[in-house]
Chemist: 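Structure in structure tokens, see below.
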Number of protein chains: 2
Amino acid sequence: MATDDLMTRALDALGDDAPLSVEAIHSLTDAAHVPEPMTIAEVADLLDISPHTLRYYERAGLVEVARDGYGHRVYDAAAVRRLVFLTRMRLSGMPMRDLQHYVALVDAGTETVPERLDMLLEHRDTIRRRIRELTLSLAATEYKIATYGGSTGPDVQDL
Amino acid sequence: MATDDLMTRALDALGDDAPLSVEAIHSLTDAAHVPEPMTIAEVADLLDISPHTLRYYERAGLVEVARDGYGHRVYDAAAVRRLVFLTRMRLSGMPMRDLQHYVALVDAGTETVPERLDMLLEHRDTIRRRIRELTLSLAATEYKIATYGGSTGPDVQDL
DNA sequence: GTTTGCGTTCGAGCGCGCTCGAAGCCCTAG
DNA sequence: CTAGGGCTTCGAGCGCGCTCGAACGCAAAC
């Protein structure tokens, strides 16, 4: 299971303060300890999204899900793995359209690997830019907090 | 000018790789070297948003802007400062509604400082959570890139 | 046997944050 | 004198990503 490696690296990257949120760990442990075929409710629970959203993703062509005798969705390991990946990409801001393109590439076979790789590299850069931007905003916010909370002098600005 | 401090701290926080983007520096240098009263086009340029958006913000009650003899908007230093702050908060994900509340507090006077501080503290935590989440997604993306680009072995997965 | 509960499909609706178009005013350049 | 450009207001429209409601099916519990 590559999961442990991933988690380790993620933890390393995060560093120190504040323990990793339960949901975050959850969303990385791609179905190692969970029942093999899952119901929509179980998957929704695992991914912390609504069954509505899962159906929406399926309608959008992001994943195919089999049905049981009653017409109920049955998520196998592959579907769950794909959804774990998709939700992580969504969480990091990749648009639906790009994900649709990506899964189309996946379904098109291994000769699309280079293009998939390109997409991932670009997304990696997007995430990095976003983190830098947020870090900047964080500094600005902390500065403002300092002017409000750290001093009662004449330096308190009007905003 | 507190700007230098802020920028220094931001840069420290960012650390090392990749130079700070020009826009980022721009949006931190709250109007020190720019013309005193500015036109909408100048402010739009400074903040890297559209005049449409600036009018929208004004309609939303985020900022009051004077008019000149022709009815054209005239942004004074205070308005520009506020807009710099607002766009930074927007960029870091604070909803319009919260910003509307915040500026209402500002306009209500200094007795609302504690509540403003609360908002900023909460937003700071939101940003931090978001950064952690993105860091996690970044690790996941890099892991995936490694499986695609780093090996040609049998470990390449189907997604 | 009826109620409760979880699932299904389908299409419509919504919240957010812009984004745009129309119609008009004013100034300047050619 | 006219054309162009940049501004104004106002209301409508849009793209995204869900989110929901209606009408229905099946099954286990009471």
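By convention in this document, chain letters (A, B, ...) are assigned in the order of the sequence lines, proteins followed by strands, and residues within each chain are numbered from 1.
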Chemist: Between atom CE in A:Met94 and atom P in D:dC16, what is the gap in whole Å?
Modeler: 15 Å
Chemist: Rounded to whole Å, how long is the line connecting atom CG of A:Leu83 with atom P of D:dC18?
Modeler: 12 Å
Chemist: side-chain contact (heavy atoms from CB on, under 4.5 Å) with B:Arg129: which residues, sequence neighbours excluded?
Modeler: B:Asp125, B:Thr126
Chemist: In whole angstroms, how far is the P atom of D:dC20 from the CD1 atom of A:Ile49?
Modeler: 14 Å
Chemist: Check side-chain contact (heavy atoms from CB on, under 4.5 Å) between B:Ala60 and all other residues, then give those that pass, not counting sequence neighbours.
Modeler: B:Leu62, B:Met96, B:Gln100
Chemist: Rounding to a whole Å, what distance do you find between B:Asp68:CG and C:dC27:C1'?
Modeler: 12 Å
Chemist: What residues, two or more places apart in sequence or in another chain, satisfy side-chain hydrogen bond (donor to acceptor under 3.5 Å, both in side chains) together with B:Arg59?
Modeler: none
Chemist: If you only use heavy atoms from C-beta on, which nucleotide in D:dG17, D:dC16, C:dC18 is closest to the side chain of A:Arg90?
Modeler: D:dG17
Chemist: Please report, rounded to the nearest Å, how far the C1' atom of C:dG7 is from the OH atom of A:Tyr56.
Modeler: 21 Å
Chemist: Atom pairs under 3.5 Å, N or O on each side, protein against nucleotides 8-12 of chain C: can you list them with distances?
Modeler:
| from | atom 1 | to | atom 2 | distance (Å) |
| --- | --- | --- | --- | --- |
| C:dT8 | OP1 | A:Arg73 | N | 2.8 |
| C:dT8 | OP1 | A:Arg73 | NH1 | 2.7 |
| C:dT8 | OP2 | A:Arg55 | NE | 2.9 |
| C:dT8 | OP2 | A:Arg55 | NH2 | 3.0 |
| C:dT8 | OP2 | A:Arg73 | NH1 | 3.3 |
| C:dT8 | O5' | A:Arg73 | NH1 | 3.2 |
| C:dT9 | OP1 | A:Arg67 | NH2 | 3.0 |
| C:dT9 | OP2 | A:Arg73 | NH1 | 2.9 |
| C:dT9 | OP2 | A:Arg73 | NH2 | 2.6 |
| C:dG11 | N7 | A:Arg59 | NH1 | 3.1 |
| C:dG11 | O6 | A:Arg59 | NH2 | 3.1 |

Chemist: Taking CE from A:Met89 and C1' from D:dG17, how many angstroms apart are they, rounded to a whole number?
Modeler: 17 Å
Chemist: Check the distance between D:dC16's P and A:Asp98's CG and give it to me in whole angstrom.
Modeler: 10 Å
Chemist: Determine which pairs satisfy salt bridge (charged side-chain N to carboxylate O under 4.0 Å, His left out) with at least one residue from residues 96-112 of chain A, sequence neighbours left out, and list them in order.
Modeler: A:Arg82-A:Asp107
Chemist: Mind checking what makes side-chain hydrogen bond (donor to acceptor under 3.5 Å, both in side chains) contact with B:Arg90, not counting sequence neighbours?
Modeler: none
Chemist: NA contact type, B:Ala41, heavy-atom cut-off 4.0 Å: base, sugar-phosphate, or nothing?
Modeler: sugar-phosphate
Chemist: Taking 4.0 Å as the cut-off, does a side-chain nitrogen or oxygen of B:Tyr57 come that near to OP1 or OP2 on C:dG17?
Modeler: no
Chemist: Between B:Arg116 and A:Tyr148, do the side chains contain an N or O donor and an N or O acceptor separated by less than 3.5 Å?
Modeler: yes
